[in-house]
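Reading through the structure tokens given below for one structure.
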Number of protein chains: 2
Amino acid sequence: MSPAPIKKPSRIQMRNRGLILDAALDVFSMHGYRGATLDQIAEQAGISKPNILYYFDGKEAIHVTLLNQLIETWLDPLAALDPAGDPVAELLDYVQRKLDMARDLPRESRLFAGEILQGAPRIGPHLETGLKPLFDEKCAVIQTWVDAGRLAPVDPQHLIFSIWATTQHYADFGSQVAVLLARGEDPHVRASNHLAAMFRAFLAPAR
Amino acid sequence: MSPAPIKKPSRIQMRNRGLILDAALDVFSMHGYRGATLDQIAEQAGISKPNILYYFDGKEAIHVTLLNQLIETWLDPLAALDPAGDPVAELLDYVQRKLDMARDLPRESRLFAGEILQGAPRIGPHLETGLKPLFDEKCAVIQTWVDAGRLAPVDPQHLIFSIWATTQHYADFGSQVAVLLARGEDPHVRASNHLAAMFRAFLAPAR
DNA sequence: TCGTAGCTTTACCAAATGGTAAAAATTCGC
DNA sequence: GCGAATTTTTACCATTTGGTAAAGCTACGA
């Protein structure tokens with residue numbers, strides 16, 4: 001019953017945990033979980049390896065911490081889908097937000113992609129409890145829009161998959177995109193226009 | 001000048017190299033390059049570790065062999081895009097072929113995705129020499145179709161990205177898809193219908 | 001300024017891992 | 001059947017890697 005003696009983290013703790021997590025995000029997103037080493041993270045963070053293990057219980061704890069922090073950011077745009085808004089505009093906004101995230105948070109996108117690619121061994125339960133309910137809820141919203149004739153008769157689940165896939169592609173497959181586009185031009189504007197046109201054409205209800 | 005004495009591989013060599021590559025595809029696609037161990041591959045293949053190193057020069061050689069074998073299969077559907085065919089039908093066929101590949105060759109898709117995700121460290125050059133020319137060629141074909149008014153005014157490069165992203169999603173993010181769809185139902189038919197509808201709506205030229 | 005709690009470093013370690021040497025077993029052409 | 005070539009096993013090894021023990025240092029409140 002008595003409250004556990006939770007120490008408030010000191011300034012040093014806040015700073016170093018932040019440094020470690022940022023370095024770990026770099027290393028994990030670049031090399032994957034197994035490919036990342038504590039030594040790499042230590043060097044990147046400018047903190048000795050034993051000192052890192054003073055702040056985190058181990059390699060896996062760092063990874064899980066990153067994933068947990070990431071999930072809320074990740075679900076945010078989907079949660080923002082407003083049932084009261086205009087269907088096409090809401091979904092196009094969602095596409096845009098996801099595309100912006102792929103540009104602004106590519107490390108996070110790749111971290112997540114790597115975890116899913118390997119069967120979500122360390123995040124599986126969170127998908128069930130965190131993602132699935134939100135996914136189901138928003139699919140229902142989209143279905144409502146379809147039933148009301150305010151949206152073309154789309155398959156809500158696979159529509160969301162396609163939105164995720166097309167937007168995250170620019171982060172997760174960024175190295176391939178870079179090779180194929182070659183030009184110094186930033187692909188973001190072109191990608192944005194393309195995806196807006198594609199989903200608008202698909203989503204607009206028949207007159 | 002004299003031809004190098006290339007031995008034709010014996011029956012045993014054919015069989016064991018095949019067993020090793022198949023096992024390696026399992027292990028690499030599941031755990032990534034660094035996450036895979038020779039011991040795992042050896043056990044999966046039913047061949048001792050030193051024996052594996054009798055057939056391949058090392059872990060990386062196995063990985064590179066897999067990637068090289070994969071690339072030709074991977075480019076095949078894109079190469080089949082026929083400039084003389086009906087634009088919309090050709091592209092929808094391409095979508096369908098890629099989706100079938102995601103279903104039939106998920107290990108290959110994940111192997112490729114993992115490699116790209118980590119910056120294509122072992123396949124980068126092949127992207128330039130193998131993929132890029134074909135990509136440019138087919139983009140030009142699509143642009144021709146657009147210019148002729150036989151296709152909506154799409155951005156060829158990003159259209160191809162979207163086709164890749166949406167189809168490979170079902171293999172690369174399969175574990176997430178499985179959690180979210182939950183039902184025992186095979187997602188392939190629904191995915192196929194969804195993607196066909198989406199790309200048809202987007203690609204059909206304005207009347 | 002002094003003691004204590006918090007932080008950092010030094011010096012390790014055990015297990016895992018990619019790889020090798022060489023003997024032993026097997027296969028194959030003749 | 002037999003000798004040579006190929007294939008497989010046994011017994012290792014060096015490095016890497018996640019992690020630990022304990023001593024030393026630092027910051028901070030009294």
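Numbers restart at 1 for each chain; the letters A, B, ... are given by sequence-line order, proteins then strands.
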Exercise. Considering only NZ, NE, NH1 and NH2 on the basic side and carboxylate oxygens on the acidic side, decide whether B:Arg97 and B:Asp100 come within less than 4.0 Å.
Key: no
Quiz item: Can you list, by residue number, the residues of residues 19-49 of chain B that have a non-hydrogen atom closer than 4.0 angstrom to DNA chain D?
Solution: B:Arg34, B:Ser48
Self-check item: Nearest-angstrom distance from the residue atom CD1 of B:Ile62 to C1' of C:dG18
Solution: 11 Å
Self-check item: Which residues share a salt bridge (Lys or Arg N to Asp or Glu O under 4.0 Å) with A:Lys49, sequence neighbours left out
Solution: A:Asp39
Self-check item: Short side-chain N/O contact to D:dT10 OP1/OP2 from B:Asn51, under 4.0 Å
Solution: no
Quiz item: Could you give the CD1-to-P distance, from B:Ile52 to C:dG18, as a whole number of Å?
Solution: 11 Å
Exercise. Give the rounded distance in Å between these two atoms: CZ of A:Phe56 and P of D:dG19.
Key: 13 Å
Exercise. Could you name each residue pair satisfying salt bridge (charged side-chain N to carboxylate O under 4.0 Å, His left out) that touches residues 161-174 of chain B, not counting sequence neighbours?
Key: none
Check: protein-nucleotides 21-29 of chain C nitrogen or oxygen pairs below 3.5 Å:
none

Self-check item: Residue pairs fulfilling ring-ring contact (aromatic ring centres under 6.0 Å, His included) with at least one residue in residues 114-143 of chain B, sequence neighbours excluded
Solution: B:Phe135-B:Phe161, B:Phe135-B:Trp164
Quiz item: Atom CD1 of A:Ile71 and atom CD of A:Gln69: how far apart are they, to the nearest 0.5 Å?
Solution: 11.5 Å
Quiz item: Given atom OH of B:Tyr54 and atom P of D:dA5, what is their separation to the nearest angstrom?
Solution: 13 Å
Self-check item: Net bend of the helix from C:dT1-D:dA30 to C:dC30-D:dG1, end axes of five pairs each, nearest 10 degrees
Solution: 20°
Exercise. Can you run down the salt bridge (charged side-chain N to carboxylate O under 4.0 Å, His left out) pairs that involve residues 188-197 of chain A, sequence neighbours left out, and say none if there aren't any?
Key: A:Glu185-A:Arg190, A:Arg190-B:Asp155
Quiz item: Over how many whole Å does the gap from B:Leu53 atom CG to D:dC13 atom P extend?
Solution: 18 Å
Quiz item: Partners of B:Arg34 by salt bridge (Lys or Arg N to Asp or Glu O under 4.0 Å), sequence neighbours excluded?
Solution: none
Practice problem: Return the set of residues passing salt bridge (Lys or Arg N to Asp or Glu O under 4.0 Å) with A:Asp136 (not counting sequence neighbours), or none when no residue passes. | Solution: A:Lys132
Quiz item: How close or far is atom C1' of D:dT20 from atom CG of A:Asp57, stated in whole angstroms?
Solution: 13 Å
Please tabulate, for side-chain N and O atoms in residues 115-123 of chain B, each donor-acceptor pair with protein atoms closer than 3.5 Å (sequence neighbours left out).
| residue | atom | partner | partner atom | Å |
| --- | --- | --- | --- | --- |
| B:Glu115 | OE2 | B:Arg122 | N | 2.6 |
| B:Glu115 | OE2 | B:Ile123 | N | 3.0 |
| B:Gln118 | NE2 | A:His31 | O | 3.2 |
| B:Arg122 | NE | B:His63 | ND1 | 3.3 |

Practice problem: Starting at atom NZ of A:Lys59, determine the distance to atom C1' of D:dT16, rounded to an integer number of angstrom. | Solution: 11 Å
Quiz item: Is there any salt bridge (charged side-chain N to carboxylate O under 4.0 Å, His left out) pair reaching into residues 23-32 of chain A, and which pairs are they, with sequence neighbours excluded?
Solution: A:Asp26-A:Arg107
Quiz item: salt bridge (Lys or Arg N to Asp or Glu O under 4.0 Å) with B:Asp82: which residues, sequence neighbours excluded?
Solution: none
Quiz item: Once you round it to whole Å, what is the distance between P of D:dA27 and CG of A:Asn16?
Solution: 13 Å
